[in-house]
> 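What follows is a single structure, and I will ask about it in a moment.
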Protein chains: 2
Amino acid sequence: MAISSRFSVGIHILTLIAFNKDGVSSSDYLAASVNTNPALIRKITGMLKKAGLVEVRPGVAGTTLARKLSDITLLDVYQAVDVVQDNELFNVHPSPSPKCEVGRNIQETIVPILSSAQLALEKVLQHVTIEDIVKDIHMKEGI
Amino acid sequence: MAISSRFSVGIHILTLIAFNKDGVSSSDYLAASVNTNPALIRKITGMLKKAGLVEVRPGVAGTTLARKLSDITLLDVYQAVDVVQDNELFNVHPSPSPKCEVGRNIQETIVPILSSAQLALEKVLQHVTIEDIVKDIHMKEGI
DNA sequence: AAGTCTTGTAACGATAATGGTTACAGCACT
DNA sequence: AGTGCTGTAACCATTATCGTTACAAGACTT
């Protein structure tokens, strides 16, 4: 199955907060741009907060960035929104037969390969920051 | 969510067929090593067949490899078992607001980044063949 | 030709995650 | 006190997975 859109929503939220740095980024405001429900936005900002990417406080309107734009990578967001639990992107079929040469070795053999594939993906995400996203949109808008 | 275990089962099946090249790899036989149901194995061998990786025929016991071990990459298996539909690993939140600078550009901005991350993952899978898996298990078994 | 074994598939259920929604408690500010 | 916001719990519809049963259809043996 595909990786949850929470990830893309998280990126959207952070980018929008950066654009709206002179305004108040309430969950209503963010939800309007993402085109979803404010409660869903609050769930995700809650995750971003737990990961130390943003600051939000109960009762106080608006979410703000907790770090510089250039210090938030897409990998940070990816991990913050729990898009892959236990950090295991690949689901390996459990308990193969120990009586079989292949069965008793297959997991140990493929897990490192799958991990390195996952790592390759994460490395790409690690090298893109929210600042890059913001700059790209600036360019597209001709700002 | 995690990537379906169909992928790891597919690898297991192909590896086991290679090991069992003097025997008959029926769905019962394969299911015993994978530790699952024969019907599930037949579903997956059906997918592998459609992708041209194996040969199976109704009524005839056993699945055989359609290519050399060194000509089957993990990417072939990954794509064969439809683990990611539409080839879109990342699910991007649909229909952001076109009224917002961020909303109307975010998709166009992040989709290429997510694609390149996906591509990095696939590249790793492309460089490992079933032959590599077989050799590794031979080594582990001291053969 | 009958019988047996196998594959191919349809159908169903249990489980889990997602995305959306409602509702409301609790906090902060006016 | 009143208003507005966040944090969260609860619930639902939808979807995919994995497992399982059941059976039709093909292939081979005797």
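Each chain gets a letter, A, B and so on, in the order its sequence line appears, and its residues count up from 1.
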> Starting at CG of A:D82 and ending at C1' of C:dG19, how long is that distance when rounded to a whole Å?
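After rounding, the gap between these two atoms is 16 Å.
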
> Sort and list the pairs that fulfil side-chain hydrogen bond (donor to acceptor under 3.5 Å, both in side chains) and have at least one residue in residues 111-122 of chain B, not counting sequence neighbours.
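Matches after skipping sequence neighbours: B:Q118-B:E122.
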
> Near DNA chain C, counting only heavy atoms under 4.0 Å, which residues of residues 5-13 of chain A show up?
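Here the set is A:S5, A:R6.
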
> Is the side chain of B:R6 donor-acceptor paired with the backbone N or O of B:I44 at a distance under 3.5 Å, no angle test?
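No; judged by distance alone, with no hydrogens or angles, the pair does not exist.
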
> In whole angstrom, give the distance that lies between atom CG of B:N91 and atom P of D:dT14.
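Distance, rounded to whole Å: 18 Å.
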
> Can you pull out every ring-ring contact (aromatic ring centres under 6.0 Å, His included) where at least one residue sits in residues 23-47 of chain A? Sequence neighbours excluded, please.
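As it turns out, there is no ring-ring contact (aromatic ring centres under 6.0 Å, His included) pair with a partner in residues 23-47 of chain A once direct neighbours are skipped.
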
> Please list all pairs meeting side-chain hydrogen bond (donor to acceptor under 3.5 Å, both in side chains) that have one or both residues in residues 40-53 of chain A, counting only residues at least two apart or in different chains.
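Counting only pairs at least two positions apart or across chains, the side-chain hydrogen bond (donor to acceptor under 3.5 Å, both in side chains) contacts touching residues 40-53 of chain A are A:S27-A:R42.
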
> With sequence neighbours left out, which residue pairs that include part of residues 13-22 of chain A fulfil the side-chain hydrogen bond (donor to acceptor under 3.5 Å, both in side chains) condition?
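Output for this query lists A:N20-A:S25.
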
> Are there more than 12 heavy atoms of other residues, nucleotides or ligands under 6.0 Å from atom NZ of A:K135?
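Incorrect, the count does not exceed 12.
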
> For residues 64-80 of chain B, which residue pairs pass the side-chain hydrogen bond (donor to acceptor under 3.5 Å, both in side chains) check, not counting sequence neighbours?
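Output for this query lists B:R67-B:D76, B:T73-B:D76.
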
> Calculate the interatomic distance between B:I41 atom CD1 and D:dT17 atom P; express it in whole Å.
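B:I41 atom CD1 is separated from D:dT17 atom P by 16 Å.
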
> Which residue pairs satisfy the salt bridge (charged side-chain N to carboxylate O under 4.0 Å, His left out) criterion with at least one member in residues 97-116 of chain B, sequence neighbours excluded?
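Found A:E141-B:R104.
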
> Atom CG of A:L40 and atom P of C:dA17: how far apart are they, to the nearest Å?
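Atom CG in A:L40 sits about 17 Å away from atom P in C:dA17.
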
> D:dG4 C1' sits how many Å from A:Y29 OH, rounded?
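Rounded to whole Å, this separation is 18 Å.
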
> Per the ring-ring contact (aromatic ring centres under 6.0 Å, His included) rule, what does the pair list look like for residues 82-103 of chain B, sequence neighbours excluded?
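Applying ring-ring contact (aromatic ring centres under 6.0 Å, His included) to every pair that reaches into residues 82-103 of chain B, excluding sequence neighbours, yields A:F7-B:F90.
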
> Can you tell me which nucleotide in D:dG19, D:dC18, C:dT21 comes closest to the side chain of B:T36?
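Nearest listed nucleotide: D:dG19.
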
> Got a list of side-chain donor-acceptor pairs under 3.5 Å for residues 30-38 of chain A, not counting sequence neighbours?
{"from": "A:S33", "atom 1": "OG", "to": "A:H12", "atom 2": "NE2", "distance (Å)": "2.8"}
{"from": "A:N35", "atom 1": "ND2", "to": "B:S95", "atom 2": "O", "distance (Å)": "2.8"}
{"from": "A:N35", "atom 1": "ND2", "to": "B:S95", "atom 2": "OG", "distance (Å)": "3.2"}
{"from": "A:N37", "atom 1": "OD1", "to": "A:A39", "atom 2": "N", "distance (Å)": "2.9"}

> For B:H138, give me all partners under ring pair (Phe, Tyr, Trp, His ring centres under 6.0 Å), at least two apart in sequence or on another chain.
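B:H138: ring pair (Phe, Tyr, Trp, His ring centres under 6.0 Å) contacts with B:F19.
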
> Let's see if you get this right: which residues in residues 92-99 of chain A place a heavy atom under 4.0 Å from DNA chain D?
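Listed by number, they are A:H93.
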
> Can you measure B:N35 atom CG to D:dT20 atom P for me and round it to whole angstrom units?
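Taking atom P of D:dT20 as the reference, CG of B:N35 is at 9 Å.
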
> Starting at CG of B:N37 and ending at P of D:dT17, how long is that distance when rounded to a whole Å?
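Atom CG in B:N37 sits about 17 Å away from atom P in D:dT17.
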
> Expressed in angstrom and rounded to an integer, what is the separation of B:I3 atom CD1 from D:dC18 atom P?
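Taking CD1 of B:I3 and P of D:dC18, I get 12 Å after rounding.
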
> Under 3.5 Å, which N/O atoms of the protein pair with N/O atoms of nucleotides 6-10 of chain D?
{"from": "D:dT6", "atom 1": "OP1", "to": "A:S27", "atom 2": "N", "distance (Å)": "3.2"}
{"from": "D:dT6", "atom 1": "OP1", "to": "A:G62", "atom 2": "N", "distance (Å)": "3.3"}
{"from": "D:dT6", "atom 1": "OP2", "to": "A:S27", "atom 2": "N", "distance (Å)": "3.4"}
{"from": "D:dT6", "atom 1": "OP2", "to": "A:S27", "atom 2": "OG", "distance (Å)": "2.7"}
{"from": "D:dT6", "atom 1": "O4'", "to": "A:G59", "atom 2": "N", "distance (Å)": "3.4"}
{"from": "D:dG7", "atom 1": "N7", "to": "A:R42", "atom 2": "NE", "distance (Å)": "2.8"}
{"from": "D:dG7", "atom 1": "O6", "to": "A:R42", "atom 2": "NH2", "distance (Å)": "2.9"}

